[in-house]
Every structure is written in C-alpha cells, then in structure tokens.
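For reference, the structure is listed below as structure tokens.
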Amino acid sequence: MPDHAPLSAAPAHLLCVVAARPNLMKMAPILSALARQAPAPRVTLLHTGQHYDPAMSGQVFADLGMRAPDVSLDVGSGSHAQQTADILSRFDTVLRELPRAPDAVLVVGDVNSTLACALVAAKRGTPVIHVEAGLRSGDRRMPEEINRVLTDQLADLLFTSEDGARANLLREGVADERIHFAGNVMIDSLRQQLPRAVDPAATLRAHGHACPPAYGLLTLHRPANVDDGARLAALLQALGGLSSQLPLLFPVHPRTRATLQQAGLDALLARHAIVCLPPLGYLEMLGLMRGARLVLTDSGGVQEETTALHVPCLTLRDNTERPATISEGTNTLAGTDPAAIVALARATLDTGGKRGRLPALWDGHAAARIAAVTVPWLAARRGTP
Ligand code: UD1
C-alpha cells in the first residue's frame with residue numbers, strides 16, 4: 001500500500017471567493033449545494049474584505065447561516081486601482097501558500113474582487129468558475145461592466161442566471177460548451193430565507209421608528225447617483241415630494257452616507273417623510289421589500305429580488321444588465337432625471353405597477369444545478385471518475 005492515497009483519489013478542492021454584501025446571498029446556497037454532492041468537494045471559503053462593516057458582512061453571514069471564511073484578505077476600501085492591486089497581491093500569496101492548491105477558483109457577481117481573484121487564478125493556471133456570467137448593461141462607465149466582461153473572458157466554466165446571457169457570451173467569443181444556464185442563485189437564498197424575513201414593524205421599531213401603514217423602499221449606492229452631492233440632493237429633493245404621498249424607508253449604504261454627510265443633506269431629508277436607516281441585515285431587507293408598495297433602487301440584486309417577490313420596482317438608472325427583470329419581472333427603468341422618476345413613481349402607484357412573472361429557472365434550485373455540473377467537471381479535469 002502506498003503511504004499516501006494518490007492525489008486524484010482525494011475529493012476536489014474548490015476555493016470560493018466572497019467580497020461584498022451581495023456575494024454572500026449568491027455564495028450561501030452554492031456552499032450548501034456543494035456539500036450535498038457525493039463526493040462533496042473540499043471547499044476553502046475566502047473573504048477578500050472588500051466589505052468589512054459588521055452590517056455589510058458579519059450580519060449577513062449570520063442571517064444566511066453561512067460558515068465563517070477560512071481565509072480573509074482584509075483589503076478594505078480604496079480606489080479601484082488600489083483595492084484591485086491589494087487583492088491581486090494578497091490573493092496570489094494565498095494561492096502560493098495554501099497547503100493544497102485548489103483545483104479551481106469559484107467567483108460570483110461583478111465586484112472588483114470577482115475580477116481580481118479571477119485574474120490571479122487564471123495567471124497561475126488555476127481554472128476559474130464564474131457564477132452570474134454573461135450579464136451586460138452595455139455601459140462601460142460602470143466599473144461592474146468592466147469586471148463582468150473581463151471575468152467572463154478569464155472563466156473556464158460559466159453559469160448564467162437569465163436567458164439572454166448566453167448570447168452575450170457567444171458574441172464575445174466564449175465557447176458554447178463552457179456556458180451552463182443554471183438560473184439565479186440570489187433567488188435560491190430568497191426562497192430559503194423568506195419564511196424568516198423580519199416583519200417591517202419590528203425592523204422599524206429596532207431602529208427607533210414607527211412603521212407607516214404603507215411605504216416605499218429606497219436604496220441608492222451607484223457612484224453615478226450618490227458620489228456627487230448636488231446630484232444626490234436633487235434626487236432626494238424630488239423623492240421628498242413623492243414621500244408626502246408615500247413615505248419612503250431608506251437604508252443608507254456607507255458610500256451614500258459619506259456623501260450625505262459631506263454635502264450636508266441630513267437637513268433636507270429631515271424635512272420629508274424619508275426615514276433613514278442604517279444598512280440592514282438580509283432578513284430585515286427581505287421583510288421590507290416584501291411589504292413595500294413600490295421599490296426605488298439602483299441595485300442589481302434588488303431588481304431581481306423584487307421581481308421574485310412580485311413587488312413593483314423602479315430602477316434609477318438608464319440601463320440594466322438584468323433585462324429579464326424588465327421583460328418578465330416587475331422592474332421598469334426610470335432613468336436618472338429626478339422629475340421623471342417621481343412622475344413614473346406616481347403613475348406606478350396609481351396603476352399598482354407590474355406584477356410580472358418569474359424568469360426561467362428562478363426556481364430556488366440554481367445552486368443545485370451549479371453543483372451538479374461543477375463536481376463532475378472538477379473530477380474530469382483531475383482524471384478521476
Ligand atoms: C460594491 C461593488 C458594487 C456592489 C456593491 C454592493 C465594486 C466596483 N462595487 O460597491 O458592484 O453593487 O458593492 O454593496 O466592486 N464602505 C464602508 N464599509 C464597508 C464597505 C464599504 O464604509 O463595509 C464604504 C467605504 O467608504 C468605501 C465605500 O463604502 O470606500 C465603497 O465601497 P466599495 O466596496 O468600494 O464599493 P461599493 O460602493 O460598496
């Protein structure tokens with residue numbers, strides 16, 4: 001008998017990367033689905049630390065029942081170049097020093113960490129798996145669009161979440177056999193956690209507010225909407241007008257909080273029925289989304305979650321990389337002109353808005369499909385049956 005079993009007899013080793021809040025909702029069901037495979041791969045969970053505040057990270061881990069990361073890079077915030085450079089260098093060191101090199105690196109979404117970790121892995125010859133591949137807004141002014149395009153070029157195995165994504169990838173020269181339509185893992189988490197969603201009245205009470213009988217929910221964090229104080233002021237002034245018809249609950253992202261403070265906009269908010277809240281946990285957000293008459297957002301994940309909840313959503317952007325939320329779901333592009341946004345919101349309240357239907361494979365089983373493809377794929381690459 002040999003001293004050591006041959007390497008190929010050991011289960012495959014997969015390194016999974018999380019970084020920012022929305023990555024956690026995508027990764028949690030994937031980790032569970034991988035653990036249910038036989039044989040289950042060995043999984044190393046790495047957190048780059050792009051999001052680090054307890055409200056942006058630790059609370060969401062707890063809400064999702066996710067295990068703690070095995071490795072943390074602690075990169076924190078910085079310019080895109082600085083943050084990306086820190087991840088490149090620290091992730092490279094981790095891959096070099098891990099006692100056993102991973103057989104593949106799995107990344108989700110489109111944040112800076114997604115691209116940086118994919119790039120390090122690809123340069124080291126480690127296969128890259130990208131979940132949520134092929135989404136395109138066509139707008140390269142968004143940093144996420146650059147992250148999406150480049151990550152997909154680096155990936156060996158690509159899982160798409162909606163119908164049009166495959167065509168986007170084929171147009172960019174990605175080989176058809178690398179692409180698998182798995183469905184939307186974000187909706188796996190939503191379906192699993194919805195029974196535990198926190199009642200809006202309890203959330204408001206916990207943060208020192210009474211819950212209005214009917215409310216709209218507002219989230220803003222895109223640099224184009226929140227980095228410029230004058231632009232953010234104009235938007236909030238217009239939404240303040242809407243809030244006299246429908247009070248707005250506004251969980252404030254740290255990026256947005258910084259501009260509110262720098263531009264001195266708290267007084268403007270105080271004049272209106274806009275209730276500012278700190279960043280909320282996932283279960284609190286699910287409860288607020290489910291109970292909202294209308295959601296106004298520039299978040300990608302919230303566009304998808306409102307479609308799954310059949311709650312009307314206005315997206316405060318000129319484009320979206322998630323077109324199924326518009327063609328099938330409850331989402332409408334509202335653009336960025338404050339007066340036009342408010343006019344559309346009032347019209348939506350008058351009509352009740354879109355009810356929509358669920359896009360294909362947003363059925364709560366996307367992660368199971370991903371695991372069912374990934375584990376044999378890893379085994380085939382390692383030459384095990
Ligand atoms: C990032 C992603 C974005 C995603 C969003 C989800 C990129 C380019 N952007 O945007 O795609 O939709 O996460 O939330 O990767 N900050 C804190 N505490 C934290 C994290 C951030 O205070 O835990 C503050 C810092 O001032 C930081 C700023 O927020 O500079 C922006 O953080 P960053 O991770 O760079 O981008 P997000 O705007 O969060």
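Model, not experiment: these values are computed from the prediction. In listed order, ligands and their atoms are each counted from 1.
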[atom] [closest protein heavy-atom partner, distance rounded to 0.1 Å]:
{"atom": "atom 12 (O) of ligand 1", "value": "His221 NE2, 2.8 Å"}
{"atom": "atom 24 (C) of ligand 1", "value": "Pro254 CB, 3.7 Å"}
{"atom": "atom 7 (C) of ligand 1", "value": "Gln50 NE2, 3.6 Å"}
{"atom": "atom 11 (O) of ligand 1", "value": "Glu144 OE2, 2.5 Å"}
{"atom": "atom 18 (N) of ligand 1", "value": "Asp53 OD2, 2.9 Å"}
{"atom": "atom 35 (O) of ligand 1", "value": "Gln83 NE2, 3.8 Å"}
{"atom": "atom 39 (O) of ligand 1", "value": "His51 NE2, 2.7 Å"}
{"atom": "atom 16 (N) of ligand 1", "value": "Tyr52 OH, 3.5 Å"}

Query - Among Ala20, Gly78, Pro54, Ser77, closest by any non-hydrogen atom to atom 25 (C) of ligand 1 - result: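 Of the listed residues, Ser77 has the closest heavy atom.
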Under 4.0 Å to a heavy atom of [X] - the qualifying atoms of ligand 1, by number:
{"X": "His253", "value": "14 (O), 37 (P), 38 (O), 39 (O)"}
{"X": "Val111", "value": "2 (C), 11 (O), 15 (O)"}
{"X": "Pro22", "value": "6 (C)"}

Query raised in the report: Quick one: does Ala258 get within less than 4.0 Å of ligand 1, heavy atoms only?
Result: no
Report task. Give a yes/no on ligand 1: does Arg257 have at least one heavy atom closer than 4.0 angstrom to it? Result -> no
Show the atom names and distances, to 0.1 Å, of all donor-acceptor pairs under 3.5 Å that link a side chain in residues 106-114 to residues at least two apart or in another chain.
{"unit_1": "Asp110", "atom_1": "OD2", "unit_2": "Arg148", "atom_2": "NE", "d": "3.1"}
{"unit_1": "Asp110", "atom_1": "OD2", "unit_2": "Arg148", "atom_2": "NH2", "d": "2.9"}
{"unit_1": "Asn112", "atom_1": "OD1", "unit_2": "His80", "atom_2": "ND1", "d": "3.4"}
{"unit_1": "Asn112", "atom_1": "OD1", "unit_2": "Asn147", "atom_2": "ND2", "d": "3.1"}
{"unit_1": "Asn112", "atom_1": "ND2", "unit_2": "His80", "atom_2": "ND1", "d": "3.0"}
{"unit_1": "Asn112", "atom_1": "ND2", "unit_2": "Gln83", "atom_2": "OE1", "d": "2.9"}
{"unit_1": "Ser113", "atom_1": "OG", "unit_2": "Thr48", "atom_2": "OG1", "d": "2.9"}
{"unit_1": "Ser113", "atom_1": "OG", "unit_2": "Gln50", "atom_2": "OE1", "d": "2.7"}
{"unit_1": "Thr114", "atom_1": "OG1", "unit_2": "Val108", "atom_2": "O", "d": "2.8"}
{"unit_1": "Thr114", "atom_1": "OG1", "unit_2": "Val111", "atom_2": "N", "d": "3.2"}
{"unit_1": "Thr114", "atom_1": "OG1", "unit_2": "Val111", "atom_2": "O", "d": "3.4"}

Closer than 4.0 angstrom, basic N to acidic O: yes or no for [X] and [Y]?
{"X": "Arg382", "Y": "Asp103", "value": "yes"}
{"X": "Arg290", "Y": "Asp199", "value": "no"}
{"X": "Arg96", "Y": "Asp92", "value": "yes"}
{"X": "Arg191", "Y": "Asp363", "value": "no"}
{"X": "Asp152", "Y": "Arg136", "value": "yes"}

Cluster link [X] to [Y], ILVMFWY, side chain under 4.5 Å:
{"X": "Ile341", "Y": "Leu349", "answer": "yes"}
{"X": "Val302", "Y": "Tyr215", "answer": "yes"}
{"X": "Val43", "Y": "Val18", "answer": "yes"}

Query - Candidate pair Met25 and Gln193, rule side-chain contact (heavy atoms from CB on, under 4.5 Å), full reasoning - result: CA-CA 10 Å; Met25 293 76 134; Gln193 302 300 339; over 6 Å; no
Requested in this report: Return a yes/no value for Asn112: is any of its N or O atoms, backbone included, closer than 3.5 angstrom to an N or O of ligand 1?
Outcome: yes
Query - Results of side chain to side chain donor-acceptor pair (under 3.5 Å) for Thr348 - residues two or more places apart only - result: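 Not a single residue meets the side chain to side chain donor-acceptor pair (under 3.5 Å) criterion with Thr348.
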**Report entry** Donor-acceptor contact present, side-chain Thr325 to main-chain Glu304, <3.5 Å
**Finding:**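 A pair under 3.5 Å: no.
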If we set the cut-off at 4.0 Å for heavy atoms, which region of [X] has an atom near ligand 1: side chain, backbone, both, or neither?
{"X": "Met56", "value": "side chain"}
{"X": "Arg255", "value": "both"}
{"X": "Arg222", "value": "side chain"}
{"X": "Pro223", "value": "neither"}

